Amino acid sequence: MAAADIHIEREPSRRPPSGIGIVHLGLGAFHRAHQAVYLQRHLDRTGADDWGISSANIRANRTLVDQLRDGDCRYHVAEFSDSEHVTLREITAIREALYAGPDGPDRERLLARMSDPAVRIVTLTVTEKGYFLSPGSGELLTDAPAIAHDIAHPESPDTAPGTLLEALARRRSAGVPPFAVLCCDNMPHNGRRTRRAVVSLARHRDGELADWIDASVAFPSSMVDRIVPAMTDADRTRLAGLGIDDPAAVVCETFSQWVVEDDFPLGRPDWEAEGVEMVADVAPFETMKLRLLNGAHSLLAYLGALAGIETVDAAVARPAFRQLLRHYWQQDAIPTLSLPAATDVAAYTDGLLARFGNDSLRHRLQQIAMDGSQKLPQRWLAGGVERSIDTADINVTALGVAGWIRYTAGTDLSGQPHPVDDPMAETFAALHRRHGDDHAALIDAFLALDAVFPAALRDDRRFARQILEALTRLESGGVESAIATLTLNASDRDA
Ligand code: NAI
Ligand code: CS2
């Protein structure tokens with residue numbers, strides 16, 4: 001599409017704020033296109049000077065930090081509603097970019113910033129695995145080398161829980177009240193989980209400190225939603241065609257949602273004026289989003305990748321995949337939800353299909369397929385347990401699990417290799433080596449992974465049989481034939 005066909009709205013931006021009130025851990029694509037945009041709108045509307053963001057990476061990516069610094073931390077967000085309509089915003093809400101990784105120079109600067117009384121909120125997007133909690137049990141992974149490091153060297157932490165802990169310890173020693181910790185990662189009860197990670201780690205250091213954190217620090221949960229694909233060279237070329245030559249720019253969809261538990265003892269921006277829903281209990285929102293949006297994304301990711309499809313929009317362009325999602329939502333997922341008041345779930349799932357079909361995003365299935373061990377428990381398996389206890393059919397979930405197991409072998413159904421990017425990738429590779437084509441043994445070995453599968457599903461022989469049937473069909477007839485067999489009895493309407 002030629003640049004001339006593209007509609008551009010440029011949002012004017014005010015002078016950048018000089019004060020920093022928020023520290024963010026996880027300076028990735030999502031933070032730049034979500035939390036920073038809400039704050040930018042707040043700053044543009046109010047002219048407030050005290051809510052600038054200091055944003056840090058404690059893992060990759062250092063290059064992005066350098067690029068942002070080179071441009072005075074200004075960057076662009078390009079919101080595509082379709083391939084012809086884009087809104088370009090310049091963001092100035094991030095006032096400081098830090099690289100505080102183990103090999104980076106800014107760890108002390110980050111801890112000093114987090115100890116500053118002007119900082120009242122710390123937000124996080126460090127991915128599900130950045131909390132070092134077992135996806136199955138929710139326990140802190142004390143054997144993980146990075147956590148073992150933080151237990152041994154608490155004053156120079158390498159992890160997000162360790163960084164929060166050291167900053168809170170410094171504030172307590174200095175008599176500075178604690179900041180609120182706002183997790184923005186795709187996990188259920190993400191505030192509670194973050195609290196568990198920090199308090200569990202604190203128990204290895206000082207029981208009184210752990211008790212103080214548990215009693216005095218607010219960890220509100222939040223549900224976040226906006227599709228922000230990882231940037232590619234093609235995206236950068238596309239933006240260059242719009243006159244944006246910005247290495248830190250991000251592309252995303254127009255849709256955005258943020259639902260936050262209102263627990264900020266030291267105050268917060270009046271986010272609700274920018275459309276943030278401030279609620280007492282975020283659980284119904286996050287469960288709905290994780291199971292309907294993210295659960296559907298993961299189905300597309302594994303089954304689509306096995307079929308050699310590259311992007312979300314290319315997958316949902318195929319009737320079989322739309323039918324798969326309809327069937328999953330109606331049979332496996334929606335019956336498990338306590339929906340937020342006034343939710344029209346049919347409109348919500350129709351909206352998801354429209355968002356997934358946005359071909360200007362080129363959202364790669366490989367990106368979504370990453371870290372399945374950390375994602376599947378909350379996306380498919382928690383709901384699967386509830387349905388299987390009701391002895392209801394969860395054969396779409398079973399097909400998804402079969403697709404995921406097959407995907408972790410590292411090739412698609414035609415033998416094309418793909419990377420398996422997951423903290424448990426070595427375990428998966430060993431299981432595939434050991435069991436080879438013995439599908440029944442392979443499935444039993446995967447189901448025995450208690451870090452991933454809840455006990456009720458591990459012991460559910462009907463579920464194991466359904467996975468075996470699905471895997472056999474995938475191998476013999478391909479993805480669309482496996483979907484067709486599944487949906488023969490479904491009364492689902494097509495999109
Ligand atoms: P990204 O790849 O651009 O950035 C990942 C960020 O996580 C980086 O800042 C990296 O330093 C940090 N990180 C990774 N592993 C870490 C670890 N072990 N310890 C500390 N930091 C670590 O990814 P993106 O798009 O920013 O997504 C990050 C998270 O945001 C997702 O995992 C998800 O939970 C949440 N999210 C993302 C959405 C999206 O569409 N991209 C939408 C909704 C939520
Ligand atoms: C995706 C999510 O990467 C993934 O696993 O399912 O990041 C998804 O794009 C967001 O949650 C949308 O809000």
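Every value quoted in this text rests on a predicted model; they were computed, and no experiment measured them. Computed from heavy atoms alone, side chains included, the values below leave out hydrogens, waters and symmetry copies.
The ring of His363 has its center no closer than 6.0 angstrom to the ring center of Phe356. A distance below 6.0 Å separates the ring centres of Phe264 and Trp271. Side-chain rings of Trp258 and His34 approach one another, their centers coming within less than 6.0 Å. Side-chain rings of Trp404 and Phe428 approach one another, their centers coming within less than 6.0 Å.
Looking at Asp106 and Arg62, no side-chain N of the basic residue comes within less than 4.0 Å of a carboxylate O on the acidic one, giving no salt bridge. Between Asp246 and Arg236 there is no salt bridge, since no side-chain N of the basic residue sits under 4.0 Å from a carboxylate O of the acidic one. By the 4.0 Å N-to-carboxylate-O rule, Glu79 lies close enough to Arg89 to be salt-bridged with it. Using a cut-off of 4.0 Å between Lys/Arg side-chain N and Asp/Glu carboxylate O, Arg362 and Asp313 are scored as not salt-bridged. One finds no salt bridge joining Glu128 and Lys375 here, because no Lys/Arg side-chain nitrogen approaches an Asp/Glu carboxylate oxygen to under 4.0 Å. Taking the charged nitrogens against the carboxylate oxygens, Arg107 and Asp158 do have a contact shorter than 4.0 Å, which makes a salt bridge. Looking at Glu90 and Arg74, a side-chain N of the basic residue comes within less than 4.0 Å of a carboxylate O on the acidic one, giving a salt bridge. The residues Arg113 and Glu108 are annotated as not salt-bridged, no charged nitrogen and carboxylate oxygen being separated by less than 4.0 angstrom.
For Arg195 and Phe219, the positive end is not near the middle of the six-membered ring at less than 6.0 Å and at most 45° from its axis. Taking the ring axis of Trp51 as reference, the NZ or CZ atom of Arg120 stays within 45° of it and closer than 6.0 Å to the ring centre. For Arg41 and Tyr38, the positive end sits near the middle of the six-membered ring, less than 6.0 Å away and at most 45° from its axis. Both tests pass for Arg238 against the ring of Phe80: distance under 6.0 Å to the centre and angle within 45° of the axis.
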task: Please report the C-alpha distance between Arg171 and Asp116 in whole Å, then the side-chain angles of each, then the deciding distance to 0.1 Å, and finally whether the salt bridge (Lys or Arg N to Asp or Glu O under 4.0 Å) criterion is met.
output: CA-CA 8 Å; Arg171 286 176 86 108; Asp116 180 346; over 6 Å; no
task: Take Ile213 and Leu209 through the test side-chain contact (heavy atoms from CB on, under 4.5 Å) and record every step on the way to the result.
output: CA-CA 6 Å; Ile213 292 173; Leu209 174 63; 4.1 Å; yes
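Here the side chains of Val312 and Asn358 are not in contact, with every heavy-atom distance at 4.5 Å or above. At least one side-chain heavy atom of Thr123 sits less than 4.5 Å from a side-chain heavy atom of Ile121. No side-chain heavy atom of His149 sits less than 4.5 Å from a side-chain heavy atom of Thr159. Contact of the Thr254 side chain with the Thr87 side chain is not registered, since no non-hydrogen atoms from C-beta on lie closer than 4.5 Å. A 4.5 Å side-chain heavy-atom check between Thr194 and Ser221 finds every atom pair outside the cut-off. Inter-residue side-chain proximity for Phe132 and Leu201 is flagged as unmet; no heavy-atom pair is nearer than 4.5 Å.
Within the 3.5 Å criterion, the main-chain N or O of Val316 finds a donor-acceptor partner in the side chain of Arg322. No side-chain donor-acceptor contact under 3.5 Å links Ser222 to the backbone of Val260.
Under 3.5 Å, the side chains of Thr125 and Asp185 contain no donor-acceptor pair of N or O atoms. Side chains of Ser54 and His24: a donor-acceptor N/O pair is absent below 3.5 angstrom, by distance only. A donor-acceptor pair shorter than 3.5 Å can be found between the side chains of Gln40 and Thr92. Using modelled atom types and a 3.5 Å distance limit, the side chains of Asp66 and Thr63 yield no donor-acceptor pair. Judged by distance alone, the side chains of Gln378 and Glu286 never bring a donor and an acceptor atom under 3.5 Å apart. When only modelled atom types and interatomic distance are considered, Asn294 and His297 share no side-chain donor-acceptor pair under 3.5 Å.
Remark: Tyr407 pairs with Tyr302, His418 by the ring-ring contact (aromatic ring centres under 6.0 Å, His included) rule, at least two apart or across chains.
The local environment of CG in Asp245 is sparse, with at most 12 non-hydrogen atoms from other residues, nucleotides or ligands closer than 6.0 Å. Shown here is Arg226, whose CZ atom has more than 12 heavy atoms of other residues, nucleotides or ligands within 6.0 Å. Atom CD of Glu272 sits in a crowded spot, with more than 12 heavy atoms from other residues, nucleotides or ligands closer than 6.0 Å.
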